[in-house]
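Following: one structure in structure tokens, then a few remarks.
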Protein chains: 2
Amino acid sequence: MIDDGWVPDRMCVTVDLVIFTILDGALSALIVERGIPPYAGTWALPGGFVGRHEPLEDAARRELREETGLGAEELHLEQLGAFGDPERDPRDRVVTVAYLALAPDLPLPTAGTDARAARWMAIDSIVSGQLALAFDHRKILRHGLDRARSKLEYTSLASAFCGKEFTITELRNVYEVVWNTKLDPRNFHRKITRAPGFLEPTGRRTTRDGGRPAELYRRGDASLLHPPMLMPTGS
Amino acid sequence: MIDDGWVPDRMCVTVDLVIFTILDGALSALIVERGIPPYAGTWALPGGFVGRHEPLEDAARRELREETGLGAEELHLEQLGAFGDPERDPRDRVVTVAYLALAPDLPLPTAGTDARAARWMAIDSIVSGQLALAFDHRKILRHGLDRARSKLEYTSLASAFCGKEFTITELRNVYEVVWNTKLDPRNFHRKITRAPGFLEPTGRRTTRDGGRPAELYRRGDASLLHPPMLMPTGS
DNA sequence: AGACCTAATCGTCAGGTTGACATGAAGACT
DNA sequence: AGTCTTCATGTCAACCTGACGATTAGGTCT
């Protein structure tokens, strides 16, 4: 397939980022307003072209920095997969590699070089179609949401939404917001404190949630959650 | 990033396939002997370039057909993700999208157009490094293995290794081979028969495994396994 | 200060699930 | 007929889960 003069097609490769955080009790995604065609003026996931000699994940971090001003060094990026529908970009064939990250509260994004603006947006508005995103970015975001939901089940990833130190209630709020359910505070407390390696007590306390002071915890060193925290079923 | 004359880099995109089956009690992967440089004469995962207007999954099925002669129509392909290390192809920048599939017994592969030969190979020889694969294909296979292992836990995918009709013992063998563990036949039987939608009784029986005749089952319509079948822990 | 509010933590208890192991059942082989 | 092999069903204690009650430790209001 090479010696007979046939030459493989070349195409553009991009990275796109699904960055979630929790803002005012709503699961929100980072989006940017596109400053250039196609879809100029439309909101989209942050992302951009991969350089010829650039590793995919490096490109993802670079775009995050360039387009949003977020210091992405400590963010854990997880690859969601490749999206390569031939029709997904009107100009030309573009294959994109999507990444997922969960960010703790508050890093306020600012527009960077290529984007007019950057902001957090509640994902409900996007999933419901109320706010349209460019390209197939709604589909990508939907994938990211599914991935995040299931990762909470069997990994300790939920704490990535929290700050350095957090209470069990704050952690429970993460589950409730991402899963869109209510969880019993007492059963959650029991389960999470018994999971080996999830939490590390700091000895300190806080009253920021009101009521009786709550213990503050740090992330433990376990990345897997065993036994898993199963999402409540309808049945 | 476009109007100022800058043009994005273009690169080659390929698909690679991790196809597992169980052969003589060993988890095995489909590999082909490369007929062209680079790595001519070396074994590799089946795969090839994606056409300019070709969807990624179509390319995967096409390559599977071309290189191995396997009729891939009924195989369920699951995307593993993109692998894009700039050094992974010695000639040029090539980003590959990997797919995973589980095949039932016996489809004997034959060499196709681009490959000199195709065969099943026990994955132990590959993972241990005894048999070297081209490019980063060992890493990709390793990812496929991890994915398959964890998918057995919470999906009904194990039956994809079996024929149309199978016994519970055959299904248990799948778990034992993929997980490389022994499972208690009685507890496994109890759990799998209680999982809603996993099995559908045919009413027929077989004695092909010796001993008392075993009930034959078909795949049920459930794709998720609830509650999950957790891989036994060391602890 | 004392009553009241809020939320965190600790208990209780019934029902389900799991892991370990015993027992009976159905055909093949000698 | 007896034995062997594997399938199928049963038992039981330990653990986990879901649904709540009860207690505790701070704020806040009067």
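In what follows, chains carry the letters A, B, and so on, assigned in the order in which the sequence lines appear, proteins first and then strands, with residues in each chain numbered from 1.
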Report the C-alpha separation of B:Glu170 and B:Phe161 in whole Å, then their side-chain angles, then the decisive distance to 0.1 Å, and conclude whether the side-chain contact (heavy atoms from CB on, under 4.5 Å) test is met.
CA-CA 9 Å; B:Glu170 286 161 4; B:Phe161 278 112; over 6 Å; no

Using a 4.0 Å heavy-atom cut-off across all strands, classify B:Thr167 as base, sugar-phosphate, or nothing.
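Since no nucleic acid heavy atom lies under 4.0 Å of B:Thr167, the category is nothing.
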
Touch class at under 4.0 angstrom, heavy-atom based, for B:Arg190 against every strand present:
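The residue B:Arg190 makes base contact.
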
Side-chain heavy-atom pair A:Glu153, A:Trp179 within 4.5 angstrom cut-off:
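Yes, side chains in contact.
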
Got a second to check how far [X]'s [atom1] is from [Y]'s [atom2], nearest 0.5 Å?
X: B:Thr96; Y: B:His137; atom1: OG1; atom2: NE2; value: 6.0 Å
X: A:Glu215; Y: A:Leu199; atom1: CD; atom2: CG; value: 11.0 Å
X: B:Arg194; Y: B:His226; atom1: CZ; atom2: NE2; value: 14.5 Å
X: B:Thr42; Y: B:Arg34; atom1: OG1; atom2: CZ; value: 8.0 Å
X: B:Ile19; Y: B:Leu77; atom1: CD1; atom2: CG; value: 6.0 Å

Looking at every heavy atom in both [X] and [Y], which two are closest together, and how far apart are they?
X: A:Pro232; Y: A:Leu183; answer: CG-CD2, 4.1 Å
X: B:Ala98; Y: B:Ile140; answer: CB-CG2, 3.6 Å
X: B:Ala26; Y: B:Ala122; answer: CB-CB, 4.3 Å
X: B:Leu27; Y: B:Ile22; answer: CD1-CG1, 4.3 Å
X: B:Ala148; Y: B:Leu100; answer: N-CD2, 4.2 Å
X: B:Leu75; Y: B:Leu102; answer: CD2-O, 3.6 Å

Global bending angle along the helix from C:dA1-D:dT30 to C:dT30-D:dA1, which compares the axes of five pairs at either end, to 10 degrees
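What I find for the helix from C:dA1-D:dT30 to C:dT30-D:dA1 is an axis angle of 0°.
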
Where along residues 202-228 of chain A does a heavy atom come under 4.0 Å from DNA chain C, residue by residue in number order?
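The answer is A:Asp209, A:Gly210, A:Gly211, A:Arg212, A:Pro213, A:Ala214, A:Glu215.
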
Any residue of residues 171-189 of chain B with a heavy atom less than 4.0 Å from an atom of DNA chain C:
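Correct list: B:Asp184, B:Arg186, B:Asn187.
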
Does a side chain donor of either A:Asp209 or A:Thr169 reach within less than 3.5 Å of an acceptor in the other side chain?
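Result is no, nothing qualifies.
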
5' to 3' contact window, DNA chain D with chain B (heavy-atom distance under 4.0 Å):
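Range of nucleotides touched by chain B: D:dT5 to D:dT11.
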
Start at the 5' end of DNA chain C and walk down; is the nucleotide closest to A:Glu170 or to B:Lys191 reached first?
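The 5'-side residue here is A:Glu170.
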
Does anyone know the first and last nucleotide of DNA chain C in reach of chain A, 5' to 3', at under 4.0 angstrom to a heavy atom?
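First and last nucleotides in contact are C:dT6 to C:dT12.
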
Ring pair (Phe, Tyr, Trp, His ring centres under 6.0 Å) contacts touching residues 181-210 of chain B (sequence neighbours left out):
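Residue pairs with at least one partner in residues 181-210 of chain B: B:Tyr175-B:Phe188.
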
